[in-house]
K.L.:
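What follows is a structure written as C-alpha cells; I'll ask about it next.
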Amino acid sequence: MRRIPFDIDGYRHQMRELLGDMPEQVVFWDALDFAIEAHFEQWRKSGDAYILHPCSVAKILAEEMDITHPEILAAALLHDTVEDVPEVTAEVVGKRFGSYVQAIVEGCTKVTHVSGSKQQDSQRTHRKIFSGAALRPEVMLVKLADRLHNLRTLQALPRKKRQRIADETIDIYAPLATVFGLFNLKRQMYNLALLFKYPKQGAKLNSQIRQLNESPVALEIVDNLNRAMKAYELDAGVNMRTKELWAYFDVTNRLLLKRIETPMEILIVVNDRHSCYRALGVVNETFRPIPRTIRDFIANPKPTGYQGLHARAIISGQKYLFKIRTHEMARKAQRGLFRNWSSKTGKQGQFVKEIQELFDVLSSDESFSYRDVIAASGKKEIYTYTPQGDLICLPFKSTVLDFAFRVHTEIGRTCMGGMIRNTRVAPDHILEDGAMVRIIRAKEPVRFEQHVINICKTPRARAELTRGFRERRRKVTREVGESLLRQEMLRYGFPFHVMEGESLLKILVPFNIDSADELYGRIGEGRIRLYDVMSRIKSDLYNGQSPLFTPTGAFNKVQLTTLDPVCVKLSSCCKPNPTAKDNCALLTEKGLSVHHKKCDRLQSIKFRREDAVNITWQLRDTNVRKVQDLHILRAARAEVMKALMEAPEEMEVVNLQLLSSYSTLEPAWQLSFNAPTLFILQKVLRHFDKSSIPYEFYLEC
C-alpha cells in the first residue's frame with residue numbers, strides 16, 4: 001500500500017487563517033501536537049496518514065460549521081485517540097486538556113465491549129454517543145463532522161462496509177444534521193451516501209440534474225428578477241440552485257424518485273430584514289404566486305433558527321421555489337446556530353434544550369427504535385397555536401399530546417384530550433397545520449397506554465412518557481424485589497433487620513447502589529440477581545455460613561394487584577390466565593414476564609430458581625381496565641342468549657357480533673364485555689365453563 005504523508009505545516013497555516021492566533025487557541029495547538037504524536041505511524045485504508053482524519057474533522061467544524069471554540073476543535077483532534085491508541089485513556093485526555101474536552105472525547109468513543117452481534121454492538125455504541133450528546137451536544141457536532149469526512153473518503157473501503165455506512169448515514173446522521181439545522185452538511189451527507197447506496201440510479205439522476213443547471217427558463221427567471229430588483233433600486237443577489245440527489249430521496253419508501261415537484265430554487269439575498277419583504281413584493285409582482293404558499297419564517301422562525309421568506313410560482317408549467325433572506329440568514333441556513341457557542345456557557349436556549357431532550361430519549365430507552373425517533377424529528381414542521389395565540393411549532397404528524405407536553409410538562413401529564421374549534425379530540429389525535437388547540441386536563445396525572453409513545457413525535461413527549469412508564473414499573477418492581485429478598489432471607493435463616501445501618505451499606509457498596517429501595521428495584525427487574533445478593537449477605541455478614549441449608553426447588557411467591565402492561569407481560573407463547581393459580585414469572589428489566597408453568601418455551605429457557613417466582617393476583621383488588629373479547633367457537637343463538645341471561649350481573653355486555661358459521665345453526669360469535677375486576681372476570685369465565693359452550697379467551701391488559 002502506498003503511504004501518503006500529511007502536510008502538517010500546510011494544515012497549521014490553513015487553521016491559523018480560520019482561527020487566528022489568539023492566546024485562548026493554545027489548547028487547540030496543544031491538542032494538535034498531542035494527536036500527531038498519538039497517531040504517529042498509523043495509516044488509513046486509503047494510504048493517507050491517519051492524522052489526516054482528525055485534522056479534517058476539526059477543519060470541517062471550523063470552515064463549514066462556523067464552530068471555532070478551541071476546546072471543541074481540540075476534542076475533534078483527539079476524538080479517536082482513546083479508541084485507537086492504547087496508551088491514551090479518557091483520564092489522560094482529561095488530565096491534560098480538562099474535563100470538558102474529556103467529556104466530548106468520551107462521548108465520541110465507541111463501546112469497547114464486543115458481544116459478537118454487530119447489530120447489538122452498533123446499537124450500544126449509538127446509544128452511548130446519544131447519552132454523551134444529551135449532556136454535551138458538541139459530541140454529536142464532532143460525530144457529524146467525523147461522518148462527513150468518512151463519507152468523502154469512503155471509496156477506499158470494501159463495498160459491504162460502504163453500504164453499511166451509507167445506510168447508517170441515511171437513517172441516522174443526515175437526519176440529525178437536519179435536527180441541528182446544519183442544512184449544508186445534511187445535503188452533502190445525503191448526496192454522498194445515496195451515491196454509494198444507489199450507484200447506478202444516483203449517477204443517472206446526477207446527469208439529469210446537471211442538465212437542469214442549463215435550463216433556459218430558469219436562467220431567464222434569474223435575469224428577469226435581477227432587472228426587476230434594479231428597477232426598484234433594491235440591492236439583491238439573485239441566483240438559481242438546482243436541488244441535488246438529497247431532494248430525490250423518498251424517506252418513507254426508501255427509494256430515489258425519478259423526478260420531483262420543485263427541482264429548482266431561486267435564492268435572493270438582501271442586506272436587511274425590511275428588504276426581504278420588499279424583495280417578496282418584487283417577486284410576487286414579477287411572477288404570480290401560487291395561492292396560500294407564501295411562508296414567513298422571519299416572523300416565525302423554524303425551531304432550528306432558520307429564517308427567510310418562501311414563495312412558490314408556476315412558470316412555463318414548472319413549479320419554482322423562491323427563498324428570500326439576508327446574508328446572515330443565509331449563513332445560518334447553511335451552517336446552523338453554533339458560531340461562538342458552547343454548552344459550558346451558562347443557560348442554554350430552547351433549541352439546545354430540545355436537542356438535549358432528543359438525545360436523552362434516544363439514549364434512555366430501548367423499547368422503541370431510535371431510527372424512528374430521529375426520522376420523526378427531522379421531518380417538516382407544522383405550526384399550531386394556543387387559545388392565547390402563542391405559536392407552537394411541532395414535527396409533521398404530531399399529536400395533541402405532543403402539543404400538551406410542548407406547552408408544559410404538567411399539562412402533558414394531565415392531558416385527557418383537546419378541543420379544536422368545537423370538536424373534542426383524543427390525546428393521540430394528529431394535528432394539522434394551523435390548528436388552534438385547547439388542552440382538556442384531568443385533576444390527576446393520566447395513566448397513558450404504552451402504544452401512545454410510538455405515536456408521539458416530539459422528544460419531550462416521548463421522554464416524559466418513558467419516565468412515567470419507568471416510575472410505574474419501578475413502583476411494582478421495588479415491592480416485588482423487597483418481598484423476594486425477605487422470602488429468600490427467611491429460607492436461609494437470616495433476619496431481615498440486617499438490611500439496616502452499616503450492614504446494609506456493606507451490601508450496597510459492591511453493587512454501586514445508594515439505597516435499599518434501589519436494591520429492591522433492581523432485584524425486581526432482574527438487573528441484580530437474588531442469588532448474588534444472598535451470596536454477598538452470607539459472605540460479608542455471616543462469614544460464609546447460614547443457619548439453614550441453601551434452598552433449592554420451590555420458587556418464591558409474589559401476589560399483585562395490577563395488570564399494568566408496563567410492568568406485567570402476559571407471554572404470547574402460552575397466553576396465561578391471571579385468574580388461575582398455575583402461573584410463574586421471570587424477572588426482566590421490562591417487568592415480570594408471566595408464563596403458564598407448563599409452557600413449552602418456559603421449559604427451554606435456562607434460569608436459576610431465584611430468577612423466577614410463583615405469581616398470583618388478589619382478584620378482588622385487581623382492576624381490569626380494557627374491554628375483553630370472548631370468542632364463542634360455535635353455538636346456536638338460543639344457547640348464547642341463555643348464557644348471557646344467566647351470566648353474572650356485574651358483567652357489562654358491550655357488543656355481541658356474529659363472526660362466521662360452520663353451519664347456519666351453530667355460528668361463531670365474538671362477545672365483548674366489561675368485567676371491573678379479576679374476581680368478576682373469574683366468575684364470568686366459570687359461568688361459561690359450566691355452560692358447555694366452546695370458547696377461547698385471552699386477557700387484554
Side-chain angles (χ1 to χ4, degrees), residues 65-67 137 140-141 144 175-187 236-237 241 262 265-281 283-284 289 292-312 321-341 343 345 347-358 376-386 388-398 402-403 405-408 431-437 457-461:
M65 298 161 68
D66 279 350
I67 296 170
M140 189 50 65
L141 293 173
L144 289 172
L176 280 175
T178 310
V179 171
F180 274 86
L182 300 165
F183 296 109
N184 191 44
L185 231 67
K186 173 203 88 168
R187 285 192 284 266
R241 181 169 72 192
T262 312
E265 303 173 331
I266 309 299
L267 306 181
I268 301 162
V269 182
V270 295
N271 295 325
D272 54 62
R273 287 166 66 107
H274 178 67
S275 297
C276 289
Y277 292 99
R278 286 184 61 204
L280 178 63
V283 170
N284 290 346
R292 295 180 295 279
T293 62
I294 295 172
R295 303 298 296 268
D296 186 346
F297 295 115
I298 295 177
N300 296 315
K302 292 189 178 187
T304 57
Y306 175 87
Q307 289 184 294
L309 300 174
H310 288 193
R312 285 175 168 80
L321 171 62
F322 297 85
K323 292 183 176 180
I324 304 163
R325 48 209 184 193
T326 65
H327 292 281
E328 180 60 15
M329 290 175 193
R331 185 198 68 77
K332 287 181 180 177
Q334 304 307 314
R335 297 162 178 252
L337 300 172
F338 296 97
R339 176 191 273 180
N340 301 323
W341 171 85
S343 65
T345 56
K347 191 176 179 182
Q348 299 300 322
Q350 185 62 30
F351 174 53
V352 173
K353 283 182 182 176
E354 288 179 9
I355 285 176
Q356 289 178 304
E357 284 175 1
L358 169 64
S377 302
K379 285 185 177 177
K380 65 179 183 178
E381 309 84 6
I382 59 168
Y383 288 83
T384 57
Y385 300 88
T386 67
Q388 293 74 36
D390 296 327
L391 177 68
I392 305 290
C393 186
L394 297 166
F396 182 60
K397 287 193 174 181
S398 287
D402 285 306
F403 180 97
F405 275 113
R406 179 61 65 83
V407 174
H408 195 279
L431 297 174
E432 294 183 358
D433 197 35
M436 188 178 79
V437 186
K457 302 298 180 186
T458 59
R460 180 177 296 177

K.L.:
Side chains of Asp66 and Arg331, heavy atoms from C-beta outward: is any pair under 4.5 Å?
P.N.:
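Answer yes - side chains close enough.
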K.L.:
Take the angle between the ring planes of Phe183 and Tyr306 and call it parallel below 30°, perpendicular above 60°, tilted in between.
P.N.:
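Geometry flag for Tyr306 against Phe183: perpendicular rings.
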K.L.:
For a 4.5 angstrom cut-off between non-hydrogen side-chain atoms, does Phe322 reach Leu280?
P.N.:
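No, every pair of side-chain atoms sits at 4.5 Å or beyond.
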K.L.:
Applying side chain to side chain contact (heavy atoms under 4.5 Å, CB included) to Gln334 and Lys186, what does each step give before you reach the verdict?
P.N.:
CA-CA 9 Å; Gln334 304 307 314; Lys186 173 203 88 168; over 6 Å; no
K.L.:
Rounded to the nearest 0.5 Å, what separates atom CG in Leu309 from atom OH in Tyr277?
P.N.:
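The OH atom of Tyr277 is 5.5 Å from CG of Leu309, to the nearest 0.5 Å.
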K.L.:
Rounded to the nearest 0.5 Å, what separation is found between the OG atom of Ser275 and the CZ atom of Arg273?
P.N.:
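If I round to the nearest 0.5 Å, the distance is 12.0 Å.
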K.L.:
Any side-chain heavy atom of Thr304 sitting closer than 4.5 Å to one from Phe180?
P.N.:
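Result no, sub-4.5 Å side-chain heavy-atom pair not found.
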K.L.:
To the nearest 0.5 Å, tell me how far Arg460 CZ sits from Glu357 CD.
P.N.:
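Here the rounded value is 4.5 Å.
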K.L.:
For Glu432, is the CD atom crowded, meaning more than 12 foreign heavy atoms sit under 6.0 Å from it?
P.N.:
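Open: at most 12 neighbouring heavy atoms sit under 6.0 Å from CD of Glu432.
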K.L.:
I want to check something: taking the side chain as every heavy atom from C-beta on, are Ile355 and Phe351 in contact at a cut-off of under 4.5 Å?
P.N.:
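When only atoms from C-beta onward are counted, Phe351 and Ile355 do touch, with a gap below 4.5 Å.
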K.L.:
Enumerate the residue pairs fulfilling salt bridge (charged side-chain N to carboxylate O under 4.0 Å, His left out) with a member in residues 297-310, sequence neighbours excluded, ordered by first and then second residue.
P.N.:
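Found Lys302-Glu381.
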K.L.:
Set out, in order, the CA-CA distance, both residues' side-chain angles and the distance that settles ring pair (Phe, Tyr, Trp, His ring centres under 6.0 Å) for Phe297 and His310, then state yes or no.
P.N.:
CA-CA 8 Å; Phe297 295 115; His310 288 193; 5.0 Å; yes
K.L.:
How close do Ala236 and Val270 get, counting heavy atoms only, and between which atoms?
P.N.:
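Minimum heavy-atom separation between Ala236 and Val270: CB-CG1, 3.7 Å.
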K.L.:
What's the verdict on side chain to side chain contact (heavy atoms under 4.5 Å, CB included) for Leu185 and Met65, showing C-alpha distance, side-chain angles and the deciding distance?
P.N.:
CA-CA 8 Å; Leu185 231 67; Met65 298 161 68; 3.8 Å; yes
K.L.:
List the atom of Leu358, the atom of Pro459, and the distance in Å for their closest heavy-atom pair.
P.N.:
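Minimum heavy-atom contact is CA-CB, 3.3 Å.
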K.L.:
Quick one, Thr386 with Val437, criterion side chain to side chain contact (heavy atoms under 4.5 Å, CB included). Give me CA distance, side-chain angles, the key distance, then yes/no.
P.N.:
CA-CA 6 Å; Thr386 67; Val437 186; over 6 Å; no
K.L.:
Would a 4.5 Å heavy-atom cut-off, applied to side chains only, mark Asn300 and Cys393 as touching?
P.N.:
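Asn300 vs Cys393: side chains apart.
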K.L.:
By side-chain hydrogen bond (donor to acceptor under 3.5 Å, both in side chains), which residues pair with Thr326, not counting sequence neighbours?
P.N.:
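With sequence neighbours excluded, Thr326 shows a side-chain hydrogen bond (donor to acceptor under 3.5 Å, both in side chains) to no residue whatsoever.
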K.L.:
Can you find a heavy atom in the side chain of Met329 that is under 4.5 Å from one in the side chain of Lys332?
P.N.:
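Not touching, per the 4.5 Å side-chain cut-off.
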K.L.:
Closer than 4.0 angstrom, basic N to acidic O: yes or no for Asp402 and Lys457?
P.N.:
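So Asp402 does not pair with Lys457 through a salt bridge.
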K.L.:
Between Ile268 and Ala279, what is the shortest heavy-atom contact and its length?
P.N.:
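Distance-wise, the nearest heavy atoms are CG2-CB, 4.3 Å.
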K.L.:
Is there a side-chain contact between Leu394 and Arg406, using heavy atoms and a 4.5 Å cut-off?
P.N.:
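Yes; the side chains approach each other to less than 4.5 Å.
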K.L.:
Rounded to the nearest 0.5 Å, what separates atom CZ in Arg295 from atom CG in Asp433?
P.N.:
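With rounding to 0.5 Å, CZ (Arg295) is 5.0 Å from CG (Asp433).
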K.L.:
What's the spacing between Cys276 SG and Asn271 CG if we round to 0.5 Å?
P.N.:
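Those atoms lie 9.5 Å apart.
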K.L.:
Can you tell me how far the CZ atom of Arg312 sits from the CD1 atom of Ile294, to the nearest 0.5 Å?
P.N.:
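Interatomic distance, Arg312 CZ to Ile294 CD1, rounded to 0.5 Å: 11.0 Å.
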K.L.:
Quick check: do Val352 and Ser343 have side-chain heavy atoms less than 4.5 Å from each other?
P.N.:
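Side chain of Val352 against side chain of Ser343, heavy atoms only: no contact under 4.5 Å found.
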